[in-house]
2 protein chains.
Amino acid sequence: MSQAAHKHDVFQAIADPTRREVLRLLSQKEMPISKITEHFPMTRTAITKHLHVLAEAKLVSGRKEGREKVYQLHPEPLEEVQQWISFYEKFWNNKLSILKYIVENEDKN
Amino acid sequence: MSQAAHKHDVFQAIADPTRREVLRLLSQKEMPISKITEHFPMTRTAITKHLHVLAEAKLVSGRKEGREKVYQLHPEPLEEVQQWISFYEKFWNNKLSILKYIVENEDKN
DNA sequence: TTGACATGTAACCAAAAGGTGTTATATCAT
DNA sequence: ATGATATAACACCTTTTGGTTACATGTCAA
């Protein structure tokens with residue numbers, strides 16, 4: 001897989017169903033690679049590559065703990081997607097976007 | 001949470017920056033292919049392919065009008081992404097997700 | 001009817017994505 | 001020290017992606 005820097009943004013990271021499922025798993029509990037792999041019908045090597053893509057998008061990070069590498073979720077980058085989407089929300093749900101606008105401005109006081 | 005339906009789902013469709021820009025353009029005004037192409041440093045054929053991917057995800061549709069094919073936006077499928085994201089919103093913004101919950105339940109009355 | 005315009009599409013290409021297996025290294029339990 | 005475990009780092013393969021040319025078809029305007 002590519003090692004070129006910032007080649008994988010958050011939009012690309014979440015494009016793959018396996019990676020979305022990894023995020024869901026890590027949203028419940030941090031896990032070492034082998035534990036994550038148990039949930040998928042593919043090799044640990046493949047999961048490791050997906051984890052690297054997610055890490056490049058800063059959606060996960062891993063720390064070494066003994067001989068394990070424990071990965072944990074960092075959902076913050078998803079905010080960029082949420083903001084991108086919010087532009088289109090007005091097309092299907094005016095009420096919600098108006099409410100969001102009110103809440104966000106309320107915060108600034 | 002299995003939506004591994006079509007080859008090109010909405011997550012894959014929005015993964016590409018060019019396709020996101022096409023959506024933005026079409027959010028302002030419907031356009032024929034050649035007009036869309038003017039905004040990008042690539043051939044019309046490439047844009048046509050991107051449009052096919054977006055159409056497969058039901059994010060755009062095209063109607064023939066004379067010798068032109070006019071594409072227009074259909075943002076509804078983005079709702080799936082928005083809902084997926086909303087699960088993670090609680091990690092960075094509790095207030096908003098609580099409000100959304102209230103609004104959504106209000107709708108069901 | 002002729003020519004310019006707008007599109008469809010096939011053939012091709014390079015690079016990236018998504019997977020495999022192998023090997024090497026570090027760590028933990030005996 | 002030995003052996004099982006957990007991961008990293010490769011090399012390799014196949015399919016998909018994102019782009020190109022080239023050409024065919026259909027439509028509008030003189």
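Chain A is the first sequence line, chain B the second, and so forth, proteins listed ahead of strands; every chain is numbered from 1.
- Under the 3.5 Å distance criterion, the side-chain polar atoms of Arg63(B) are left unmatched by any main-chain donor or acceptor of Val70(B).
- dT7(C) atom C1' lies 14 Å from atom CD1 of Ile47(B), rounded to whole Å.
- With distances taken from any side-chain atom of Thr18(A) to the nucleotides dG18(D), dC28(D), dG19(C), the minimum falls on dG19(C).
- Taking atom CD of Glu65(A) as the reference point, atom C1' of dT5(D) lies 16 Å away to the nearest angstrom.
- Toward the 5' end of DNA chain C, the nearer of the two residues Lys64(A) and Asp16(A), judged by each one's closest nucleotide, is Asp16(A).
- Taking side-chain N and O atoms only, Ser34(A) has a distance below 4.0 Å to OP1 or OP2 of dT7(D).
- The nearest whole Å value for the distance from the NE2 atom in His52(B) to the P atom in dG19(D) is 15 Å.
- Sequence order on DNA chain C of the closest nucleotides to Arg67(A) and Gln12(A) puts Gln12(A) first from the 5' end.
- Without hydrogens or angle criteria, Tyr88(A) side chain to Arg24(B) main chain gives a donor-acceptor distance under 3.5 Å.
- Here the closest non-hydrogen pair linking Leu51(A) and Val60(A) is O-CG2, 3.8 Å.
- Distance His8(A) NE2 to dA15(C) P: 16 Å, rounded to the nearest Å.
- Straight-line distance from the NZ atom of Lys69(A) to the C1' atom of dT27(C): 15 Å, rounded to whole Å.
- In this structure, His50(B) does not reach the dT17(D) phosphate: none of its side-chain N or O atoms is under 4.0 Å from OP1 or OP2.
- If you take CD of Glu68(A) and P of dT7(D), they are 6 Å apart, rounded to a whole angstrom.
- For the segment residues 37-46 of chain A, the set of residues with a heavy atom within less than 4.0 Å of an atom of DNA chain C comprises Met42(A), Thr43(A), Thr45(A), Ala46(A), in numerical order.
- Side-chain contact check for His50(B) versus Met42(B): some heavy-atom pair is nearer than 4.5 Å.
- A donor-acceptor pair is defined here as one N or O able to donate and one able to accept, closer than 3.5 Å; such a pair exists between the side chain of Arg19(B) and the backbone of Ala13(B).
- A donor-acceptor contact shorter than 3.5 Å is absent between the side chain of Arg20(A) and the backbone of Phe11(B).
- Within the 4.5 Å cutoff, the side chain of Leu78(B) has heavy atoms near those of the Ile14(B) side chain.
- One can place CZ of Arg19(A) at 13 Å from C1' of dG19(C), the figure rounded to the nearest angstrom.
- The distance between atom CG of Leu51(A) and atom P of dT7(D), rounded to the nearest whole Å, is 10 Å.
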